[in-house]
Amino acid sequence: MALPTAHTSIQPQPFGQGLRQTLGLALAMVCSAAAWPSLAADNWPTKPLRIIVGYASGSSPDVQARLLAEPLSRALGQAVVVENRPGAGGNIGADAIAKAEDGHTIGLIGNGPLTSSPFLYAKLPYNPSADFAPIALIGSAPLVWVTAKSATERRVAATISLLQGEGDKQAYGSVGAGSGGHLGMELIKQALRIQPLHVPFNGGPAILNAILGGQVQMALLPTSTVNPLLQAGKLDALAVSSAQRSPLAPTLLSMQEIGAKGVNIEVWNAVMAPARMPAAHQARLSLELGKILGTREMRQKLFLQGWRVDDVSAKGLAQRIQQDTRTYRDIIERNRILID
């Protein structure tokens, strides 16, 4: 579907109508010239499109970007190149996206740099609310609250009751301060009145080894990370971190069902553009990505990787950013979490 463009029609006038008609024709020509950049939007992009991913090759955002690159290239008629800029929890990549000025750079960003980083870092080189334009929500997923197998041979309610009486004798692992697993567990602690200690680790595998070895007793981790050990019977799961049950793990209880009312934590990845990108270009990207993500083939590919595709629209993404920003701001400020 072609995007609307600005047009100014100049009707031919009979020669010799006088100075007023001549000046009117000149003014119409000036207005028409001013509209030329909008007309050029129909030809955008005019060179390869770059997708910056603020995470390492092989990460979930990287895999998603590469899944989208080929169909997006076909839709736009230009090559789509994925460029990795990992570091600082995705903030390095986010900063590169925010400052891109070539008109042909977008990015695939996790929820952290958009919703929690502004409150975790004293100084952030970009402004999430001013420097980005939402394009499309790619996929979202809850985390899974896992424990050692011996802990959840009891019923979930009994396990929570035990934790409420243990104080800080038990501990949970996360991949670092300010991560989804950290902030999500702090929300659960508040909702269920439990006090396990936070222990940061260098990656999900290290957390799993610590749970199996008894160094920590629990964690909030992605379904793709914990599924092999759950299926092997080496870990058990209390619930998913979302308010409602998830189709990604339909047999697991929700936060609402275990009594953690108000807790609704999901991780998600989204395509964002620099705020300076023309609105017509943003609209075309949103349109084409919406078509791609609406196909059964793409939804199935993302589902198999542990991602649910829901409202992918730019408007829905903007609302999700606002909602999660409020949630993370409150928990970060309440617990005085700060990253130097």
Side-chain angles (χ1 to χ4, degrees), residues 44-45 47-100 102-115 117 126 128 131-141 180 204 222-225 248 266-275 277 281-314 316-317 320-321:
W44 184 89
K47 62 181 182 179
L49 189 74
R50 179 174 58 154
I51 302 178
I52 291 179
V53 178
Y55 308 90
S57 178
S59 64
S60 289
D62 174 72
V63 172
Q64 289 181 356
R66 295 179 191 280
L67 278 177
L68 295 171
E70 183 179 350
L72 187 58
S73 175
R74 291 198 301 268
L76 298 177
Q78 287 284 351
V80 176
V81 180
V82 177
E83 179 180 325
N84 298 92
R85 296 278 192 93
N91 291 333
I92 291 176
D95 186 47
I97 299 161
K99 291 181 170 56
D102 62 353
H104 287 72
T105 293
I106 58 175
L108 203 146
I109 310 178
N111 56 295
L114 297 171
T115 60
S117 287
Y126 61 90
D131 293 344
F132 297 107
I135 300 299
L137 180 63
I138 305 306
S140 57
T223 55
S224 57
T225 300
L248 297 168
E266 291 188 315
V267 292
W268 46 262
N269 295 318
V271 172
M272 306 290 288
M277 177 176 280
H281 301 176
Q282 296 176 29
R284 185 176 182 197
L285 285 169
S286 294
L287 176 67
E288 299 299 348
L289 284 170
K291 291 178 181 178
I292 293 167
L293 292 165
T295 64
R296 180 177 298 181
E297 178 186 9
M298 184 59 68
R299 287 173 177 260
Q300 181 67 12
K301 286 180 179 179
L302 291 170
F303 185 84
L304 292 175
Q305 292 180 10
W307 297 95
R308 185 185 75 252
V309 180
D310 286 326
D311 181 359
V312 305
S313 69
L317 173 56
R320 186 68 177 269
I321 292 171

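Just so you know, residue 1 is the first one in the sequence shown, and it goes up from there.
The two atoms that bring Asp311 and Gly316 nearest to each other are OD2-CA, 3.5 Å, heavy atoms only. When every heavy atom of Gln78 is checked against every heavy atom of Lys47, the shortest pair comes out as OE1-C, 3.4 Å. Taking both residues in full, the closest heavy atoms of Gly107 and Ile97 are given as CA-CD1, 3.3 Å, listed atom of the first, atom of the second, then distance. The shortest heavy-atom contact between Ile92 and Pro86 is CD1-O, 3.8 Å. Nearest heavy-atom pair, Ala75 versus Glu288, reported as atom, atom and distance to 0.1 Å: CB-OE1, 3.5 Å. Annotation for Pro113 and Gly89: closest pair CG-O, 3.6 Å, computed over non-hydrogen atoms.
With contacts defined as side-chain heavy-atom distances shorter than 4.5 Å, the pair Asp310/Leu137 does not qualify. Residues Ser117 and Tyr126 meet the side-chain proximity criterion, which asks for heavy atoms closer than 4.5 Å. The shortest distance between side-chain heavy atoms of Pro45 and Arg284 falls below 4.5 Å. Side chains of Leu317 and Met272 form a contact here, defined as non-hydrogen atoms less than 4.5 Å apart. Arg320 has its side chain out of reach of Pro134: every pair of non-hydrogen atoms, C-beta onward, lies at least 4.5 Å apart. Considering only heavy atoms from C-beta on, Ile138 stays 4.5 Å or farther from Trp268 through its side chain.
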Report task. Begin with the C-alpha distance, continue with both residues' side-chain angles, and end with the deciding distance and a verdict on side chain to side chain contact (heavy atoms under 4.5 Å, CB included) for Arg308 and Glu266. Result -> CA-CA 11 Å; Arg308 185 185 75 252; Glu266 291 188 315; 3.0 Å; yes
Query raised in the report: Given Leu68 and Leu293, is the side chain to side chain contact (heavy atoms under 4.5 Å, CB included) satisfied, shown in steps?
Result: CA-CA 9 Å; Leu68 295 171; Leu293 292 165; 4.1 Å; yes
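Between His281 atom NE2 and Leu76 atom CG the span is 11.0 Å, to the nearest 0.5 Å. For the atom pair CD of Gln300 and CD of Gln305, the computed distance is 11.0 Å after rounding to the nearest 0.5 Å. Rounded to the nearest 0.5 Å, atoms CE (Met277) and CG (Leu285) are 5.5 Å apart. In this structure, the separation between CH2 on Trp307 and OG1 on Thr223 is 8.5 Å, given to the nearest 0.5 Å. One finds the CD atom of Gln282 at 12.5 Å from the CZ atom of Phe132 (value rounded to the nearest 0.5 Å). Once rounded to the nearest 0.5 Å, the distance linking CZ of Arg66 with CG of Asn84 reads 5.0 Å.
For the pair Asp62 (side chain) and Gly58 (backbone), a donor-acceptor distance under 3.5 Å is present.
Taking Arg299 as the reference, Val309 meet the side chain to side chain contact (heavy atoms under 4.5 Å, CB included) condition, with sequence neighbours excluded. When the side chain to side chain contact (heavy atoms under 4.5 Å, CB included) test is applied to Val80, the partners found at least two apart in sequence or on another chain are Leu49, Ile51, Ala69, Leu72, Ser73.
With respect to Ile109, the side-chain contact (heavy atoms from CB on, under 4.5 Å) criterion is satisfied by exactly one of Asn269, Ile52, Leu114: Leu114.
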